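First listed ligand is number 1; within each ligand, the first listed atom is number 1. For clarity, every value in this text was computed on a predicted model and none was experimentally measured.
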Amino acid sequence: MLKIRDLVVRYGGITALDRVSADVRQGETVILLGANGAGKSSLINSVIGIVPAAAGTIQLDGQTISAVPASGRAAYGIGYSPEGRRVFASMSVRDNVLAGAARLSRAAQRQAYAKLASLFPMLESRANDLAGYLSGGQQQIVAIARAMSASPRLLLLDEPFLGLAPVWIQQISAAIRQFRAEGTTILMTEQMAIPALKVATRGYVMRGGLVIREGSVEDIRESALTEDYL
Ligand SMILES: Nc1ncnc2c1ncn2[C@@H]1O[C@H](COP(=O)(O)OP(=O)(O)OP(=O)(O)O)[C@@H](O)[C@H]1O
Ligand SMILES: [Mg+2]
């Protein structure tokens, strides 16, 4: 579904990705693991189009999207949850989540919200509260639910577990499994290898802008755990 070949990302003189190739096949949950600065966000952000590729190609279902602006990529059915807790502080929890589903009908939005609230009960109890008043962990849930709200074909999650208590990590993991069961293809990043390896089907371990290991969860486990402690 997603085919990345020899992708190079540079910020001024810094090379964040140095000819990285990766594939995400239909129905997989692929994890990008690696320590701070490995290049995980740079890869996700170039797929969504907010970071330009200096070289290489990104193909989605055989179409090259590297040159399509970020605004055009939502039409491909890509959902994206950025790193950090990005919510609209002065909007309600419900409106934050449904901002990701603006193209759906009212009825479909209601259905999408009910489904997400069954996965994240906080969305039910805090639906009308301003997102700015939520705890950091709750804001993270809102941002992830927003990415999921339009039932994307490809879901990109950048460090969904970052700084969260185990109870939230479990809820997000259950939601990821649910979306995968319904056919959503997922590409996510994490620094925390242990919970990430539990939801992934395959993965890549990155360091210094390079892929240093790739394969099944079993193939990458040892390398991923080593990077986790660096
Ligand atoms: N906007 C930017 N300007 C300059 N350098 C950047 C920028 N964004 C990232 N970098 C650099 O690019 C490299 C890769 O960063 P990236 O954010 O992709 O890593 P990461 O694996 O997501 O790290 P983290 O786990 O800390 O989120 C790092 O050396 C980082 O300092
Ligand atoms: Mg990052």
Side-chain angles (χ1 to χ4, degrees), residues 2-24 29-58 65-66 69-71 73 78-87 136-137 139-144 146-148 152 154-166 168-169 172-173 176 186-200 202-215 217 220-230:
L2 184 67
K3 187 168 165 183
I4 297 168
R5 288 293 175 274
D6 299 317
L7 182 63
V8 176
V9 168
R10 292 196 190 95
Y11 306 99
I14 298 165
T15 299
L17 291 180
D18 189 6
R19 280 164 291 156
V20 166
S21 295
D23 289 283
V24 184
T29 298
V30 171
I31 179 76
L32 304 175
L33 285 158
N36 285 125
K40 307 179 298 293
S41 296
S42 297
L43 193 149
I44 289 254
N45 289 341
S46 53
V47 173
I48 192 66
I50 57 182
V51 159
T57 56
I58 303 172
I65 60 167
S66 330
S71 57
R73 294 194 201 185
I78 304 177
Y80 166 63
S81 169
E83 187 181 303
R85 291 119 191 208
R86 309 272 175 78
V87 299
Q139 291 185 10
Q140 179 104 329
I141 297 283
V142 169
I144 291 166
R146 178 167 59 222
M148 292 174 163
L154 176 64
L155 178 62
L156 306 174
L157 302 173
D158 197 356
E159 301 216 29
F161 301 153
L162 186 68
L164 295 190
W168 299 117
I169 292 177
I172 295 165
S173 299
I176 288 171
I186 300 166
L187 175 62
M188 60 184 276
T189 77
E190 255 312 322
Q191 282 189 49
M192 286 192 281
I194 291 171
L197 289 170
K198 286 185 186 155
V199 293
R202 209 165 56 77
Y204 296 82
V205 182
M206 300 179 65
R207 188 200 296 164
L210 300 168
V211 171
I212 58 168
R213 185 98 196 176
E214 66 179 274
V217 165
I220 65 167
R221 184 181 304 276
E222 202 182 309
S223 161
L225 291 173
T226 306
E227 293 303 300
D228 205 349
Y229 294 117
L230 290 181

Chemist: Within the side chain of Ser81, is there an N or O that forms a donor-acceptor pair under 3.5 Å with the backbone of Ala147?
Modeler: no
Chemist: Could you check atom 16 (P) of ligand 1 against the protein and tell me its nearest heavy-atom contact, residue, atom and distance included?
Modeler: Ser42 OG, 3.7 Å
Chemist: May I ask you to list the atoms of ligand 1 that are less than 4.0 angstrom from any heavy atom of Ala38?
Modeler: 19 (O), 20 (P), 21 (O)
Chemist: Can you list the ligand 1 atoms lying under 4.0 Å from a non-hydrogen atom of Ile14?
Modeler: 5 (N)
Chemist: Step by step, work out the side-chain hydrogen bond (donor to acceptor under 3.5 Å, both in side chains) result for Glu83 and Ser41.
Modeler: CA-CA 8 Å; Glu83 187 181 303; Ser41 296; 2.7 Å; yes
Chemist: Would the distance check show the side chain of Ser66 and the main-chain N or O of Ile58 forming a donor-acceptor pair, the cut-off being under 3.5 Å?
Modeler: yes
Chemist: Are Gly209 and ligand 1 in contact, using a heavy-atom cut-off of under 4.0 Å?
Modeler: no
Chemist: Indicate yes or no: does Asp18 engage Arg10 in a salt bridge with an N to O separation below 4.0 Å.
Modeler: no
Chemist: Where is the nearest protein heavy atom to atom 25 (O) of ligand 1: which residue, which atom, and how far?
Modeler: Lys40 NZ, 2.7 Å
Chemist: Quick one: nearest non-hydrogen protein atom to atom 17 (O) of ligand 1, plus distance?
Modeler: Ser41 CB, 3.7 Å
Chemist: At the 4.0 Å heavy-atom cut-off, does Gly39 count as touching ligand 1?
Modeler: yes
Chemist: For the backbone of Phe161 and the side chain of Glu190, can you confirm whether one donor and one acceptor N or O come within less than 3.5 Å of each other?
Modeler: yes
Chemist: Sub-3.5 Å donor-acceptor pair from the side chain of Ser21 to the main-chain atoms of Asp6, do we have one?
Modeler: yes
Chemist: What residue and heavy atom of the protein are closest to atom 27 (O) of ligand 1, and at what distance?
Modeler: Glu83 OE1, 2.8 Å
Chemist: State whether Ser41 contributes an N/O/S atom found under 2.8 Å from the Mg ion (ligand 2).
Modeler: yes
Chemist: Just by modelled atom types, is the Asp23 backbone N or O under 3.5 Å from a matching donor or acceptor in the Arg202 side chain?
Modeler: yes
Chemist: Where does Glu159 meet ligand 1, judged by heavy-atom distances below 4.0 Å: at the side chain, the backbone, both, or neither?
Modeler: side chain
Chemist: Which atom name does Glu83 have for its N/O/S atom nearest to the Mg ion (ligand 2)?
Modeler: OE1
Chemist: Has the side chain of Lys40 got a donor or acceptor atom that lies under 3.5 Å from a matching backbone atom of Gly34?
Modeler: yes
Chemist: Identify the closest protein heavy atom to atom 14 (C) of ligand 1: which residue and atom is it, and at what distance?
Modeler: Gly37 O, 3.5 Å
Chemist: If I compare all heavy atoms of Leu157 with all of Ile44, which pair ends up nearest, and what's the gap?
Modeler: O-CD1, 4.1 Å
Chemist: Counting N and O atoms only, with roles assigned by atom type, does the side chain of Arg207 sit under 3.5 Å from a partner on the main chain of Gly37, one being a donor and the other an acceptor?
Modeler: no
Chemist: With heavy atoms of Ala16 as the reference, note each atom of ligand 1 found under 4.0 Å away.
Modeler: 12 (O), 13 (C), 14 (C)
Chemist: Which heavy atom of the protein is the closest neighbour of atom 6 (C) of ligand 1, given with residue, atom name and distance?
Modeler: Tyr11 CD1, 3.3 Å
Chemist: Return yes when at least one protein heavy atom is under 4.0 Å from atom 8 (N) of ligand 1, and no when none is.
Modeler: yes
Chemist: When you measure from the Mg ion (ligand 2) to the N, O or S atoms of Glu159, does any of those distances fall below 2.8 Å?
Modeler: no
Chemist: Looking at atom 30 (C) of ligand 1, is any protein heavy atom nearer than 4.0 Å to it?
Modeler: no
Chemist: I need the atoms of ligand 1 closer than 4.0 Å to a non-hydrogen atom of Asn36, numbered in the order shown.
Modeler: 23 (O), 24 (P), 25 (O), 26 (O)
Chemist: For the residue pair Asp158 and Tyr80, confirm or rule out a side-chain donor-acceptor distance under 3.5 Å.
Modeler: no
